[in-house]
Amino acid sequence: MVAVIVVPLAVALLVSTLDLNQYTLRQWTDAPGVGLANYVEAWRETALPHAIWVTVGYAVIVTVLAVPLGLAAALATQQRFAGRALVRSAFLIPYVLPAFVVGTVWRTILQPGGPLGHATGTDYLWLNGPRSYWALVAVQLWTSWPLLYLLALSGLQGIPDDVHEAAALDGAGWWEKLRSIILPHLRGVLGLGMVIEFLHTLNSFTLPYVLFGVPAPHDVEVLPVLTYVESFQNFKFGLSAAMAVLSLVLVAIPLSVYLRAVKLNTDED
């Protein structure tokens, strides 16, 4: 824990207070300290506020849409039927594919004159302009919903058969079973899945980077890509470290909310 988490975090905090660039990198321990100036510059003089807005917004949309998709797929494949194993495996393909492959394939599909344009008879710019935001949402959702499906499926298998039998004897319909039995049993699983989904989308770098390249269009200038650009293209390592620390704070907010909710539920039990 100390070697993998504490030490890198301490170094990141230290670097975020230094004027570290391509000229001072070789002797980075001797780089002049600037205090909180990198944080101020990141907020006032870069696209950080816009990047946070874009990143959080599309992460929330993807998470909210992934829950019903994953739950519906889990419910559809819960009962035995011919070819169920094949269908379950197919549902997991978007999740197990490397993000680089997903980004490359979808970049080919969405490019002007690509397969999507031929199939729909349109020639929209999906990789630039306002539509690029919804293209990012759609592709991220396509690759992310199987995680919720997998967690929901595991949660459904944990519901005892006698609970379903009792509901059937009481004459409960499909909606009543879903509302009174299935969703209460899956509350913890879906809550955990939503937190993981949100954090995964919030920190997603490879997919936006491959899908849109750098510099990214303004509408899809997400925080991980902006941090990369400031560090490895503009060589402002202190500034990018400050952005990374702010990203950590952003990640800690939903995580702390979830942990607090889990603690409250445990205390109630």
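The shown structure was predicted, so the numbers you read here are calculated from the model rather than taken from an experiment.
- Counting heavy atoms from C-beta outward, L207 and V102 have side chains that approach closer than 4.5 Å.
- Contact record, A241 with V15: CB-CG1, 3.7 Å, taken as the closest heavy-atom pair.
- Between the side chain of D123 and the main chain of G113, a donor-acceptor pair closer than 3.5 Å is present.
- Using a 3.5 Å distance cut-off with no hydrogens or angles, the side chains of T201 and Y58 do not pair a donor with an acceptor.
- Annotation: the span from R107 atom CZ to L127 atom CG amounts to 6.0 Å, rounded to 0.5 Å.
- Taking each heavy atom of H50 and H218 in turn, the nearest pair found is NE2-O, 2.6 Å.
- Nearest heavy-atom pair across P94 and P146 is CB-CG, 4.1 Å.
- Inter-residue side-chain proximity for L13 and V245 is flagged as met; some heavy-atom pair is nearer than 4.5 Å.
- Between the CD1 atom in I93 and the CG atom in L97 there is a gap of 7.0 Å [rounded to 0.5 Å].
- L202 and V225 are assigned to two separate hydrophobic clusters, defined by single-linkage of ILVMFWY side chains at heavy-atom distances under 4.5 Å.
- I182 places a side-chain heavy atom less than 4.5 Å from the side chain of L75.
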Which is it for L153 and T77 under the side chain to side chain contact (heavy atoms under 4.5 Å, CB included) test, yes or no, and what are the steps along the way?
CA-CA 8 Å; L153 188 62; T77 58; 4.1 Å; yes
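- For the atom pair F198 CZ and I253 CD1, the distance stands at 8.5 Å (nearest 0.5 Å).
- The NZ atom of K236 sits 5.5 Å away from atom CD of E41, with the distance rounded to the nearest 0.5 Å.
- Using modelled atom types and a 3.5 Å distance limit, the side chains of E197 and T63 yield no donor-acceptor pair.
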Given M243 and L226, is the side chain to side chain contact (heavy atoms under 4.5 Å, CB included) satisfied, shown in steps?
CA-CA 9 Å; M243 290 182 175; L226 177 65; 4.1 Å; yes
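- Put simply, CG on L110 and OG on S132 are 10.5 Å apart, with the number rounded to the nearest 0.5 Å.
- A ring-centre distance under 6.0 Å is found for W142 and W106.
- Of all the heavy atoms in P130 and D219, the pair that sits closest is N-OD2, 3.7 Å.
- Distance CG/N21 to OG/S240: 11.0 Å, rounded to 0.5 Å.
- The closest side-chain heavy-atom distance from F237 to S231 is below 4.5 Å.
- Between the side chains of Q140 and S204, at least one donor-acceptor pair of N or O atoms lies under 3.5 Å.
- Hydrophobic cluster membership is shared by V139 and Y209, with clusters built from Ile, Leu, Val, Met, Phe, Trp and Tyr side chains linked at under 4.5 angstrom.
- In this structure, the ring of W145 has its center no less than 6.0 angstrom from the ring center of Y95.
- In this structure the side chain of T104 never reaches within 4.5 angstrom of the side chain of V101, judged on heavy atoms.
- In this structure, W126 is a member of the same hydrophobic cluster as L211, with clusters built from ILVMFWY side-chain heavy atoms closer than 4.5 Å.
- In terms of heavy atoms, P32 sits closest to T24 at CD-CG2, 4.4 Å.
- Under a hydrophobic clustering in which Ile, Leu, Val, Met, Phe, Trp and Tyr are joined whenever their side-chain heavy atoms come within less than 4.5 Å, directly or via other members, L14 and I5 fall into different clusters.
- In the hydrophobic clustering of this structure, V189 groups with V64; members are Ile, Leu, Val, Met, Phe, Trp, Tyr whose side-chain heavy atoms approach within less than 4.5 Å, directly or through other members.
- Here the side chains of P208 and V220 are not in contact, with every heavy-atom distance at 4.5 Å or above.
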Side chain to side chain contact (heavy atoms under 4.5 Å, CB included) between F212 and E221, intermediate numbers included:
CA-CA 9 Å; F212 301 104; E221 193 173 28; over 6 Å; no
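- Minimum heavy-atom separation, L18 to N38: O-ND2, 2.9 Å.
- The environment of F81 atom CZ is dense: over 12 non-hydrogen atoms of other residues, nucleotides or ligands sit within 6.0 angstrom.
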Can you list the steps and then say if V105 with F100 is a side chain to side chain contact (heavy atoms under 4.5 Å, CB included)?
CA-CA 9 Å; V105 171; F100 180 83; over 6 Å; no
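- Residues W134 and I61 have side chains in contact (heavy-atom distance under 4.5 Å, counting atoms from C-beta outward).
- For the pair F235 and E230, the minimum side-chain heavy-atom distance is 4.5 Å or more.
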